Amino acid sequence: ITKQTTLMNFFKKS
Amino acid sequence: MFEARLVQSAILKKVLDAIKDLLTEATFECSDSGIQVQAMDNAHVSLVSLNLRSDGFDKYRCDRNLSMGMSIACMSKILRCAGSEDTVTLRALDNPENIVFIFESPNKEKLAEYEMKLINMDQEHLGIPETSYSCIVKMPSQEFSRICRDLSQFGESITFACSKEGIKFSASGDYGQATIKLAQTADADNEEEAVSVNMQEPVKLTFSCRYLNCFIKAGPLCAQVQLSMSNDVPLVCEYKIGDIGHIRYYLAPKIDD
């Protein structure tokens with residue numbers, strides 16, 4: 001089973 | 001005063017077609033250097049980064065920096081009203097509540113103006129670090145579109161596996177499995193048809209078809225698409241927009257739970 005990550009897992013808010 | 005003119009409104013139409021399925025609204029940042037948009041879809045799984053350089057416009061004037069929140073659906077409706085040969089001009093005042101789209105026919109006999117209300121938006125900007133990617137694949141955008149559409153029939157996601165040999169796309173679901181392999185093209189006589197693979201390290205990543213099928217709407221903008229990949233980081237899918245700029249889509253991968 002795969003889980004969808006979000007961009008928040010990789011990029012920081014600036 | 002902000003004014004930006006493009007002889008080919010068709011470019012802007014294609015740009016809107018390339019973002020309207022992902023974004024409901026977006027902030028257009030206008031400055032001396034051009035127009036930039038950075039916006040995520042509602043689920044924060046994908047991000048659109050659009051850059052249109054001022055020198056790519058036929059006329060460009062931006063006296064002070066502007067942040068204009070726009071409804072993408074409304075903008076798309078307006079651009080559908082432009083004739084395929086029309087010139088488009090975007091115009092706004094310095095503290096704008098509206099933006100005006102002006103379409104002019106090639107013989108200048110028809111002039112259409114559409115005024116759109118701007119919207120106040122919460123700014124949510126992501127810092128995207130400069131990354132050197134393990135694999136960079138360039139391929140015909142039509143081929144990429146075809147692969148995404150074809151494999152979407154077999155599963156909800158597509159696995160991209162890139163090695164020295166080339167790139168392999170695969171999808172699996174209740175009905176079975178489908179795989180498409182593309183090798184690097186031997187002769188690069190026709191740049192538009194070429195497949196090139198620049199690999200530092202093999203990569204294997206899985207992405208949702210739903211988003212990929214939104215990205216391929218940018219296909220009409222450019223004959224080639226560039227896929228930048230590293231393990232466990234978002235995909236970058238880039239289409240050049242003529243000599244004026246680019247659209248980049250970032251897509252968060254699916255991971256094994």
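Owing to the predicted nature of the structure, the values given are computational and were not obtained by experimental measurement. Proteins get letters first, then strands, A, B, ... in listed order; numbering begins at 1 in each.
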Sorted by number, residues from residues 229-236 of chain B in contact with chain A (heavy atoms, under 4.5 Å):
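Only D232(B), V233(B), P234(B) of residues 229-236 of chain B have a heavy atom under 4.5 Å from chain A.
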Chain A contacts: which residues in residues 20-50 of chain B have a non-hydrogen atom closer than 4.5 Å to it?
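Within residues 20-50 of chain B, the residues under 4.5 Å from chain A are M40(B), A43(B), H44(B), V45(B), S46(B), L47(B).
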Minimum heavy-atom distance between T5(A) and A252(B), given as atom pair plus value:
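Smallest heavy-atom distance, with atoms named: OG1-CB, 3.2 Å.
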Atom OG1 in T2(A), atom CG in D257(B): separation rounded to 0.5 Å?
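One finds 8.5 Å between OG1 of T2(A) and CG of D257(B).
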Please walk me through it: do K3(A) and D256(B) pass side-chain contact (heavy atoms from CB on, under 4.5 Å)?
CA-CA 6 Å; K3(A) 190 179 81 179; D256(B) 288 327; over 6 Å; no
So I255(B) and Q4(A), do their side chains get closer than 4.5 Å, heavy atoms only?
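No; the side chains remain at least 4.5 Å from each other.
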Whether over 12 other heavy atoms sit under 6.0 Å from [X] [atom1]:
{"X": "Q153(B)", "atom1": "CD", "result": "yes"}
{"X": "D55(B)", "atom1": "CG", "result": "yes"}
{"X": "K254(B)", "atom1": "NZ", "result": "yes"}
{"X": "R64(B)", "atom1": "CZ", "result": "yes"}
{"X": "K204(B)", "atom1": "NZ", "result": "no"}

Which atoms of K12(A) approach chain B - backbone, side chain, both or neither, heavy atom under 4.5 Å:
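Only the backbone of K12(A) comes within 4.5 Å of chain B.
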Side chain, backbone, both or neither of F11(A) within contact of chain B (heavy atoms, under 4.5 Å)
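For F11(A), backbone and side chain are both near chain B.
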